[in-house]
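Order of the sequence lines fixes the chain letters, A, B, ..., with proteins taken first and strands second; residue numbering starts at 1 for each chain. Source: prediction; values computed, not measured.
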Amino acid sequence: MDMDKVYRPESFEGGIYEQWERDHRFAPSYDATRPAYSIALPPPNVTGSLHMGHAFQQTIMDCLIRYHRMKGDNTLWQCGTDHAGIATQMVVERKLMKEEGKRRQDLGREEFIRRIWKWREESGGTITRQMRRLGASVDWDRERFTMDEGLSRAVREVFVRLYDEGLIYRGKRLVNWDPALKTAISDLEVINRDTQGHMWYIRYPLADGIKTAAGADHLLVATTRPETLLGDTAVAVNPADERFKSVIGKDLLLPLVGRRIPIVADEHADMETGTGCVKITPAHDFNDYQVGRRHGLMMVSILTEDAHIREAGECFDTNGQPLGEADGRIPEAYRGLDRFEARDRMVEDLKAQGLLERIEDHELAQPFGDRGGVPIEPMLTDQWYVRASVLGKEATAAVDDGRIRFVPQQYTNMYNSWMRDLQDWCISRQLWWGHRIPAWYDQEGKVYVARDLEELKVKYHLGSTEGLTQDPDVLDTWFSSALWTFSTLGWPDDTRELRMFHPTSVLVTGFDIIFFWVARMIMMTMHFMKDSEGRPQVPFHTVYVTGLIRDEEGQKMSKSKGNVLDPLDMIDGIAIDPLVQKRTANMMQPQKAQQIERRTRKQFPGGIAAHGTDALRFTLCALASNGRDINWDMKRLEGYRNFCNKFWNASRFVLKNTEGIDPAAFAAPDLSVADRFIISRLSRAIERVEESIAAYRFDQVATTLYEFIWNEYCDWYIELTKVTFQEEGVSAAQRSATAHTLLAVLEAVARLAHPVMPFITEVIWQGAAARLCTLKDGATVMEAAYPSASEWARDEAAEETVSFIQDLVVSVRNLRAEMGLPPAPFLKAIIRGACQRDEETCCECLPFIRCLARIDQVAFAKSGEQLPPCASKPLREYEVLLPLEGLVDPQDEIKRLSALREKLERNIKGTEARLANEAFTSKAPQEIIEGARSQLALNRTQLDKVLAQLKALGA
RNA sequence: GGACGUUUAGCUCAGUUGGUUAGAGCAUCUGCCUUACAAGCAGGGGGUCGCAGGUCCGAGUCCUGUAACGUCCACCA
């Protein structure tokens, strides 16, 4: 492939990926003699689109996968998508309403589900297309969907087995009810938001003329939810509370309703809080529910499924059995009202009856449904539960004893604290989109659970299944995703993939779904998957938890803030108008659109430039330090795009300058010191990259690659090779050795960097390998062997020699710049006081030094030897001097040297003080003391030189 | 209320088991269109490491306290 002068990733990235996919390069080798390495992709929402978090996590997964594949491991990246019950159903419902003005009920369940499948057909490809653009090397042939037949079978299998083992049960319990979505949701889907509300103080009159110790004829009750008064079945006071001891066991008359309710003694009532009297509404408050159970109180459900007041309260005993004749009457005035409307009316009525003592402002954390967006309501309903407390035991132990490790470690605490008091998991949802619960009921309401009707007949000895109706509910989405690592590998069948790839190696995910997904996956997997000795198998050995990607101001990216960055826009670029449109379309709060447009236009006046996939991936890796959140920085992306350009152009240089080389003519003895230097440095870089990958430190991987490629390979090595190519008197064999080294290192670096930057490295690798004549037909860098540090000879002598050259060259450049001399003209340099070895090295490397420092002549002088006026710089043990020859005002040079003198004197004083300290010399390790001594000696030598030079200049 | 995280250059961040004079990129300043690259090259300036104590010969690093910001969990009648 020809390489353009300017790096244009869009011109080749897409094509390379298509070729890889066409050739099925992403499939595992299935070579059982090789170690297995596998990652299960956290399944994104099938109808979703790729956001920065996905791009981040997938980049990291792809790095790991590509690295292990190149290491020769039998590598599987299992991919797929999630049906995302509520989210998807909501999207399709909204679309239905917008386009046809219909609700899902208008279509009926079957038709509605058909529409969702259709929607999935149409828009389900977005995210997988985007993953391809990102370069994700997932095995597309094994793509799964949580609702496809195989996974659905796994879901039924798990449900039935857990039910038969008593680990799934059905019961009427208080659940978090989302009145907007009309479904139960789990604790985790409830978001507590601080809101400004009120506290109402309501008088509950005592029945039968009784009075409190203080002589009051009522109890004062404080509440933030006055409307739930309709469901009150008691008022609780603390048993030790002297104020109310005398009325315990007596009755109150429930305001507005007139029902007699008892005063009960319960520790739940805190003497210090509120008025000391708590109204008890067992059917609409989690604490009250517990109080109700302790005291055998009736539970009165007063709300409908959309949170309106019922015509009459539904009454249940503490076990949830209906109480037909009980008194659950609701005053006519409130029937059918919305809960908040009812509240206003009731407060008015209480006020009118003189039962409202006062209202205070009160800040409270109000529970909201994270999807529905309205306050949730605790409601008594029949739901299915998983006994998480039982399944959680193994799952907790696995993290405790290190079978599962969190990276970074601090997430272990988060996991443990949640697992410690695990609540049973409500898994039924009153939705249509999802896995239908495999339970049936007969006319009497008896429950039958089986994988299908055929099995049900046999299991329950039924002649016919006629008259049975299936439970209408579906399972929580996280129920099926909890099985992800093994259901995607073919479970419950005993497949080759399960045996090879389970447990998976690592899970890469965000901290936000540790509870939703990670913990439940561990529970389910350890219950169902056993190793050959019957011990529970973990789903993965390591959980790598990534931080969140925020905008440049540290704000969370969100549609409503209009600060979302689409990774695809950073790859391919986007003009400003489409970007504005994208950010302001389909907004929940359209009034914010103008502000968002203004800010977007200000931030991206010219839109977003194309940066390419490799630059994006490199940036994501570079920012991925230790699981902390990332404040996205476009400048950083630009910098790494420039880095790609640098790498690209360096490769062009190499290919251009190695035309016609004969790789076979290369011989090790002909390697120059520069060649040996870069080979040695490469070895170190490889070692460092591998260590960093093992430690999940992708920032270090990126830094190591950046520094090696830019600072060492480009800035020094390539510049040094120019000398070899241009200098007269260099043998053809030596030129050939250098050309070979240039190519060989480039080829290896392409392999080294491939996991992070898959596309540019493919182009470069192909070019370098072709030139080296090692390229086989149809070969790709992604299947080439990962470079090994031991294949590249360490040569400390060469590194030291090049370091000598670098010091000298940099010193001359410094002097030149500090003296304000133009960089181009050649100068004469004098080295004074160098030891013989340094002089020899200098002579050997003269061509390099001459060329890089732009010095046409180097002379040596003895220490203390008088020279004409010079600019000087102490370096190591010697001194570099450039004759002034009227080029510079000696006064400037005196100023410069005086500053240097001060600095040296400061250092000397500090080091002397340290060495004079008896405690230091007696306690510090020998090598530190030695270091300080030689530092002191060096500084003193240098100071002497500076002083002598100042004297020579007449200061 | 409980737990955790962060605080280092103008900005975004590194800084391994404590060890000389704390690093990088971006930004900034100076000089260069040197035939791989101006998306570049060479060089410079810029930090009392949130604050206060303590341990130690030695603290950005360890300990205690404290502040600000952030996150999670719990509670709030």
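At the heavy-atom level, A:R641 lies under 4.0 Å from base atoms of the strands shown. A:C714 comes within contact range of at least one nucleobase, with a heavy-atom separation under 4.0 Å. Looking at heavy-atom distances under 4.0 Å, A:V6 makes contact with a base. Within the nucleic acid shown, A:D715 comes within 4.0 Å of sugar-phosphate atoms alone, with no base atom in reach, counting heavy atoms only. Heavy atoms of A:R697 sit under 4.0 angstrom from primed sugar atoms or phosphate atoms, though from no base atom. Using a 4.0 Å heavy-atom distance criterion, A:E719 is classed as a base contact. Across all strands, A:I630 comes closer than 4.0 Å to no nucleic acid atom at all (heavy-atom distances). Using a 4.0 Å heavy-atom criterion, one finds that A:A236 contacts no nucleic acid atom at all. At a threshold of 4.0 angstrom between heavy atoms, the contacts of A:S651 with the nucleic acid are absent.
Side-chain contact between A:R343 and A:P226: present, with at least one pair of heavy atoms (C-beta onward) separated by less than 4.5 Å. Put simply, the side chain of A:R854 does not reach to within 4.5 Å of the side chain of A:L827, judged on heavy atoms.
Comparing the P positions of B:G15 and B:G5 gives an interatomic distance of 15 Å, to the nearest angstrom. Remark: the separation of the P atoms in B:A52 and B:U8 is 15 Å, to the nearest Å. Separation of the C1' atoms belonging to B:U17 and B:C62 is 12 Å when rounded to the nearest angstrom. Taking the C1' atom of each, B:A3 and B:A9 are spaced 33 Å apart, rounded to whole Å. When the P atom is compared between B:U64 and B:G18, the two are found 16 Å apart, to the nearest whole Å. Remark: the separation of the P atoms in B:G10 and B:A22 is 16 Å, to the nearest Å. Taking atom P in both B:G46 and B:G23, the straight-line distance is 13 Å, to the nearest Å. B:G58 and B:C73: their C1' atoms are spaced 41 Å apart (whole Å).
Computed from coordinates, the A:R816 CZ to B:G44 P distance equals 14 Å when rounded to whole Å. The distance between atom CZ of A:F286 and atom P of B:C76, rounded to the nearest whole Å, is 11 Å. Between A:I709 atom CD1 and B:C37 atom P the separation is 18 Å, expressed in whole Å. Counting to the nearest Å, the C1' atom of B:G15 and the CD atom of A:Q700 are 10 Å from each other. The nearest whole Å value for the distance from the CE atom in A:M199 to the C1' atom in B:C76 is 8 Å. Atoms CD (A:E552) and C1' (B:U12) sit 11 Å apart, rounded to a whole Å. Atom P of nucleotide B:A39 and atom NZ of A:K646 are separated by 12 Å, given to the nearest angstrom. As a whole-Å value, the separation of A:F698 CZ from B:C13 C1' is 18 Å.
You'll find that the side chain of A:H362 is closest to B:C76, out of B:G43, B:C41, B:C76. The nucleotide whose nearest atom lies closest to any side-chain atom of A:A817 is, among B:U12, B:G43, B:G15, B:G43. Here the nucleotide nearest the side chain of A:N649, chosen from B:A36, B:G15, B:G43, is B:A36.
Pairing analysis of RNA chain B (Watson-Crick: purine N1 to pyrimidine N3 plus N6-O4 or O6-N4; G-U wobble: N1-O2 and O6-N3; both under 3.5 Å) yields stems of 3 or more pairs at B:1-7 with B:67-73, B:10-13 with B:23-26, B:28-32 with B:40-44, B:50-54 with B:62-66.
Each of A:Y7 and A:A269 was assigned the nucleotide of RNA chain B with the nearest heavy atom; the assignment lying further toward the 5' end belongs to A:Y7. Checking A:D285 against A:N814, the closest nucleotide of RNA chain B that is more toward the 5' end is the one next to A:N814.
The shortest distance between the side-chain N/O atoms of A:K5 and the OP1/OP2 oxygens of B:A38 is below 4.0 Å. Between B:A36 and A:K722, a contact under 4.0 Å exists linking OP1 or OP2 to a side-chain N or O.
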Run the side chain to side chain donor-acceptor pair (under 3.5 Å) check on A:Q366 and A:T195 step by step: do they pass? CA-CA 6 Å; A:Q366 208 180 355; A:T195 47; 3.3 Å; yes
Between A:K722 and A:T724, does a side chain to side chain donor-acceptor pair (under 3.5 Å) hold up when you go through it step by step? CA-CA 5 Å; A:K722 287 177 183 171; A:T724 305; over 6 Å; no
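Side chains of A:D232 and A:Y204: a donor-acceptor N/O pair is present below 3.5 angstrom, by distance only. A:E13 and A:T613 share a side-chain donor-acceptor pair at under 3.5 Å. Side-chain contact, A:N287 with A:H268: no donor N or O sits under 3.5 Å from an acceptor N or O. Between the side chains of A:T658 and A:R771, at least one donor N or O lies within less than 3.5 Å of an accepting N or O.
Residues forming a salt bridge (Lys or Arg N to Asp or Glu O under 4.0 Å) with A:D807 (at least two apart in sequence, or on another chain): A:R876. Remark: A:F244 pairs with no residue by the ring pair (Phe, Tyr, Trp, His ring centres under 6.0 Å) rule, at least two apart or across chains.
Contact between A:L254 and A:L229 at its shortest, heavy atoms only, is CD2-O, 3.4 Å. In terms of heavy atoms, A:N563 sits closest to A:K556 at ND2-O, 3.1 Å.
In summary, A:R684 and A:E687 do not engage in a salt bridge, as defined by a charged side-chain N under 4.0 Å from a carboxylate O. Using a cutoff of 4.0 Å between basic side-chain nitrogens and carboxylate oxygens, A:E905 and A:R901 are scored as salt-bridged.
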For nucleotides 19-34 of chain B, 5' to 3', base contacts (B), sugar-phosphate-only contacts (S) and non-contacts (-) with protein non-hydrogen atoms under 4.0 Å give BBB---SS----S---
Just by protein heavy atoms under 4.0 Å, how would nucleotides 3-9 of chain B read 5' to 3' in B, S and -? -SSSS--
Nucleotide by nucleotide, 5' to 3', does protein get under 4.0 Å of the base (B), only the sugar-phosphate (S), or neither (-) in nucleotides 68-75 of chain B, counting heavy atoms? -------B
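Residues A:Y640 and A:F618 bring their aromatic ring centres within 6.0 Å. With ring centers used as reference points, A:F12 lies 6.0 Å or more from A:F759.
Without hydrogens or angle criteria, A:D4 side chain to A:Y7 main chain gives no donor-acceptor distance under 3.5 Å.
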